Amino acid sequence: MKRLIQLTCITALVAGSAAAIAQPGNYTGPSSKPAASGYTGPSSAPLMTAKQLLDNGKDDQYVRLQGKLTSHKGGEDYEFTDASGKITVEIDAKYFPQGVNVDQNTMVELTGEFDKETFGESTLDVKQVKVVGK
């Protein structure tokens, strides 16, 4: 009887571990962990263009941009492009939407904090990625 209880406990532990490791649904994004659920409603962060942000943005300002991620520069850095120009954005893998492939043709809305640099390249630290069209 003791052996049966031990075997049952080991089986339950192995099954629980496998379920914890498995990814939900058909997630194909760049993260091995599921993205955290988050608020997806309206935002009070102003919608700007890349050029407006680079020309007039203030350090630590929260903003939204709509356009495309046209290339991956390496690590968390991507090139974001809209009709006005380009800006480098930093996106942690956990902020990409689950179950959706994002490529250079996907229209996205990025919400994040502007990191204005006096010297060097200013960037947007993205906290939310929403797909708004393909």
Side-chain angles (χ1 to χ4, degrees):
M1 182 67 171
K2 197 175 196 183
R3 191 99 151 138
L4 180 60
I5 292 172
Q6 287 176 337
L7 183 57
T8 304
C9 289
I10 290 171
T11 303
L13 285 172
V14 170
S17 297
I21 292 171
Q23 293 180 352
N26 60 349
Y27 180 64
T28 59
S31 175
S32 61
K33 296 180 182 178
S37 297
Y39 179 71
T40 59
S43 173
S44 62
L47 182 60
M48 300 179 82
T49 66
K51 182 170 179 20
Q52 287 172 327
L53 183 58
L54 289 169
D55 291 347
N56 304 317
K58 295 177 179 31
D59 193 38
D60 298 331
Q61 176 183 7
Y62 270 83
V63 298
R64 292 179 299 136
L65 299 176
Q66 284 188 354
K68 297 178 180 181
L69 297 173
T70 51
S71 70
H72 182 220
K73 297 172 95 175
E76 296 180 347
D77 293 341
Y78 296 82
E79 181 177 82
F80 173 87
T81 305
D82 64 15
S84 73
K86 299 176 182 182
I87 184 173
T88 297
V89 297
E90 297 174 12
I91 307 174
D92 190 304
K94 69 183 176 187
Y95 294 121
F96 279 94
Q98 272 187 300
V100 179
N101 287 329
V102 176
D103 63 22
Q104 71 278 7
N105 299 312
T106 307
M107 182 67 75
V108 294
E109 180 176 287
L110 306 179
T111 303
E113 185 177 351
F114 186 51
D115 185 16
K116 186 167 185 91
E117 299 293 338
T118 305
F119 303 102
E121 184 178 24
S122 296
T123 61
L124 181 68
D125 185 13
V126 176
K127 301 299 181 191
Q128 183 181 47
V129 178
K130 275 194 215 178
V131 174
V132 293
K134 193 73 170 168

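Computed from a prediction, not measured in an experiment: that's the story for all the values here. Reckoned from all heavy atoms, side chains included, excluding hydrogens, waters and symmetry mates.
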Partner set under side-chain contact (heavy atoms from CB on, under 4.5 Å) for Asn105, not counting sequence neighbours: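 side-chain contact (heavy atoms from CB on, under 4.5 Å) list for Asn105, sorted by chain: Asp103.
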Go through the structure and list residues passing side-chain contact (heavy atoms from CB on, under 4.5 Å) with Glu79, not counting sequence neighbours.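 Expected list: Thr70, Ser71, Lys73, Thr81, Lys86.
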If the condition is side-chain hydrogen bond (donor to acceptor under 3.5 Å, both in side chains), which residues does [X] pass it with, not counting sequence neighbours?
{"X": "Asp125", "answer": "Lys127"}
{"X": "Glu121", "answer": "Thr88"}
{"X": "Gln66", "answer": "Glu109"}

Who pairs with Asp55 by salt bridge (charged side-chain N to carboxylate O under 4.0 Å, His left out), at least two apart in sequence or on another chain?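 Asp55 satisfies salt bridge (charged side-chain N to carboxylate O under 4.0 Å, His left out) with Lys51 only.
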I need the [X] [atom1] to [Y] [atom2] distance, nearest 0.5 Å.
{"X": "Lys68", "Y": "Met107", "atom1": "NZ", "atom2": "CE", "value": "5.0 Å"}
{"X": "Glu90", "Y": "Leu110", "atom1": "CD", "atom2": "CG", "value": "12.5 Å"}
{"X": "Phe96", "Y": "Leu69", "atom1": "CZ", "atom2": "CG", "value": "5.5 Å"}
{"X": "Leu53", "Y": "Ile87", "atom1": "CG", "atom2": "CD1", "value": "4.5 Å"}

Report yes or no: does Asp59 contribute a side-chain atom to a donor-acceptor pair with the main-chain N or O of Lys116 at less than 3.5 Å?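 Side chain of Asp59 to backbone of Lys116: a pair is present.
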Are any side-chain N or O atoms of Asp82 and backbone N or O atoms of Thr49, one a donor and one an acceptor, separated by less than 3.5 Å?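 Between the backbone of Thr49 and the side chain of Asp82 there is no qualifying donor-acceptor contact (under 3.5 Å).
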Shared ILVMFWY cluster between Tyr78 and Val131, side chains joined below 4.5 angstrom?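 In one cluster: yes.
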Passes side-chain contact (heavy atoms from CB on, under 4.5 Å), Phe80 versus Leu65? Steps please. CA-CA 9 Å; Phe80 173 87; Leu65 299 176; 3.6 Å; yes
What heavy-atom pair brings Tyr62 and Pro46 nearest, and what distance separates the two atoms?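 What the structure gives for the nearest pair is O-CD, 3.4 Å.
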